[in-house]
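Notes for the one structure printed next.
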Amino acid sequence: MTQRTTLAAFRRSIPAFALSLALFACSNDKDNGNNEKIEGNSLLLNFTSDYTTGELRWMHPDSANLSEGTLSFNQDSKVSTAEGNIFILENNPGTLSCILPQSIGDTPKQERLSAEFPYGATVIGSKGYIALNDADYIQVFNVNTCTPSEKIDLPILEEEAPTNISTIKASGDTLLVTLQRLENWSATKPGLLVRINASTKTLIDTIQLKLYNPSSSILSKGKLYISLQGAYDPIDYSIDITKTGIEVVDLATGTSEILKTGTELGGGAGGIALDEANQILYITTVSADWVTSVKSINLASKTVESTLPDILNVSGGIVFDKAGKKLFIGDKDGLKVYDPVAKTTKTIGNQDSLLKPYSLAIVNF
């Protein structure tokens, strides 16, 4: 396994997204091309990998088992969702696959990208926007055809470089882009949040973050929550926890504040997921001896409330199902689900012969 792949696996140890299920009383039965039926209007997407091969599996968030059907992709890939669309971003070579949830299981539309390391995607109208970790631009594409089109150059001053885009979100017509700013795979400067007008492709402003190496972000009620992994040594991957944690950017004022540092979290911050209704933020942490855990933060009181039980090693992401009010966890042991009311964690069935979780997302349609 290459160093790049190792770092990618560490960085991706947690994407996050929210979704639904019980909101939809009606059931839509659809043949997905693998002779399976999709019920309801949401899907949990579980990209799995053994660092040699990769497979996408899916399930209704209230199901007890993952699908029998699969789609094969590069082992180092990430699943991303936006506005009812599913995107698979393959690394090395960089490839975009576009999937409609109603026809999941069929051969997806697929296009080769100029950059090698796409990290995430968002949608505004009929256009998609891809964050590229190895390029100083955002790749635009047609959501309906999956075809790459123009590029939006990052308006970064020399003193603000390097870039290394890690997350991209859309708020109205504004793209919210976080930059890791890595040199020799180590963060040497605090992260940046760049706001770009998607229509005019022009810079709105650049917001200096306080911590280092942004990894995941969630947009909620005018605030962008960002997990930052901090500075880590590219040789032994040791983490400087004084430079890691969670920041919150108020988009109305353009100001950022630290919610929790790595010292308060007990380790480096990874991916995040949000229970928006109850204002609980879930965060994956990595301790100095590389033990991962999932902790919950009460946003109202700004306190770390608990460490989730029965978690071995989160390497495949976390995502919150807002309708079913439960958290899905890509654990080393397999895909798990946490019930915040019962405070219990259980493993989803039929995973004995499956590849391990690598990236999670949920799509509403």
Side-chain angles (χ1 to χ4, degrees), residues 4-17 47 76-80 89 91 117-122 131-134 162-169 176-183 185-194 207 209-220 224-234 237-249 256 258-262 264-274 281-287 290 292-295 297 313-320 329-330 357-361:
R4 181 82 196 210
T5 300
T6 303
L7 288 171
F10 171 71
R11 289 195 199 103
R12 298 176 185 209
S13 56
I14 306 214
F17 240 95
F47 186 82
D76 189 8
S77 301
K78 181 178 178 181
V79 57
S80 187
L89 303 164
N91 279 202
F117 295 96
Y119 252 47
T122 192
L132 304 164
N133 190 249
D134 60 332
T163 55
N164 306 99
I165 305 175
S166 57
T167 72
I168 186 167
K169 295 290 185 291
L176 308 170
V177 182
T178 61
L179 308 183
Q180 293 176 323
R181 309 177 78 189
L182 307 179
E183 294 184 66
W185 311 124
S186 181
T188 58
K189 300 176 182 177
L192 291 176
L193 171 62
V194 179
I207 300 172
L209 301 177
K210 296 174 172 62
L211 301 173
Y212 288 59
N213 199 2
S215 170
S216 302
S217 66
I218 293 176
L219 179 63
S220 173
L224 188 69
Y225 296 85
I226 307 170
S227 69
L228 298 100
Q229 293 176 156
Y232 54 92
D233 190 297
Y237 307 130
S238 59
I239 305 165
D240 183 350
I241 64 171
T242 66
K243 297 178 179 179
T244 178
I246 305 293
E247 285 191 50
V248 185
V249 179
S256 178
I258 296 175
L259 176 63
K260 290 294 175 184
T261 65
E264 295 171 292
L265 293 170
I272 50 178
L274 178 64
L281 189 71
Y282 293 96
I283 170 75
T284 295
T285 62
V286 184
S287 67
W290 289 94
T292 64
S293 60
V294 180
K295 300 182 179 181
I297 300 174
N313 190 332
V314 184
S315 57
I318 57 176
V319 61
F320 192 79
I329 303 150
Y358 191 72
S359 173
L360 297 179

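Below, each value reflects all heavy atoms present in this structure, side chains not excepted, and no hydrogens, waters or symmetry copies.
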Worksheet item: Within a strict 4.5 Å, meaning less than it, do heavy atoms of the L259 and I297 side chains meet?
Response: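 Counting from C-beta outward, L259 and I297 do come under 4.5 Å.
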Worksheet entry | 4.5 Å side-chain heavy-atom contact, L219 and L176 | yes
Would you confirm whether [X], through its side chain, and [Y], through its main-chain N or O, come within 3.5 Å as a donor-acceptor pair?
{"X": "S80", "Y": "A121", "result": "yes"}
{"X": "K295", "Y": "L265", "result": "yes"}
{"X": "E247", "Y": "S227", "result": "no"}
{"X": "K169", "Y": "V177", "result": "no"}
{"X": "R181", "Y": "P190", "result": "yes"}

Worksheet item: So, T244 versus Q229: side-chain donor-acceptor pair below 3.5 Å or not?
Response: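 Note: T244 and Q229 side chains miss the donor-acceptor criterion.
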Worksheet item: For residues D76 and Y358, is any side-chain donor paired with an opposing acceptor at under 3.5 Å?
Response: yes
Discussion item. Out of the candidates N133, L89, D134, only one should pair with Y119 under the side chain to side chain contact (heavy atoms under 4.5 Å, CB included) rule; please name it.
Written reply: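 The option that passes is N133.
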Practice prompt. Please name the pair of heavy atoms, one in T292 and one in V314, separated by the smallest distance, quoted to 0.1 Å.
Written response: OG1-N, 2.7 Å
Fill in: Name of the residue among N164, N213, T163 meeting side chain to side chain donor-acceptor pair (under 3.5 Å) with Q180
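Only one of N164, N213, T163 forms a side chain to side chain donor-acceptor pair (under 3.5 Å) with Q180, namely N213.
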Worksheet item: Partners of E183 by salt bridge (Lys or Arg N to Asp or Glu O under 4.0 Å), sequence neighbours excluded?
Response: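 Here no residue qualifies.
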Fill in: With S166 via side-chain hydrogen bond (donor to acceptor under 3.5 Å, both in side chains) - residues at least two apart
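Residues passing side-chain hydrogen bond (donor to acceptor under 3.5 Å, both in side chains) with S166: T178.
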Discussion item. As an exercise, state the distance from CH2 of W290 to CG of N313, rounded to the nearest 0.5 Å.
Written reply: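 Rounded to the nearest 0.5 Å, the CH2-CG separation comes to 10.0 Å.
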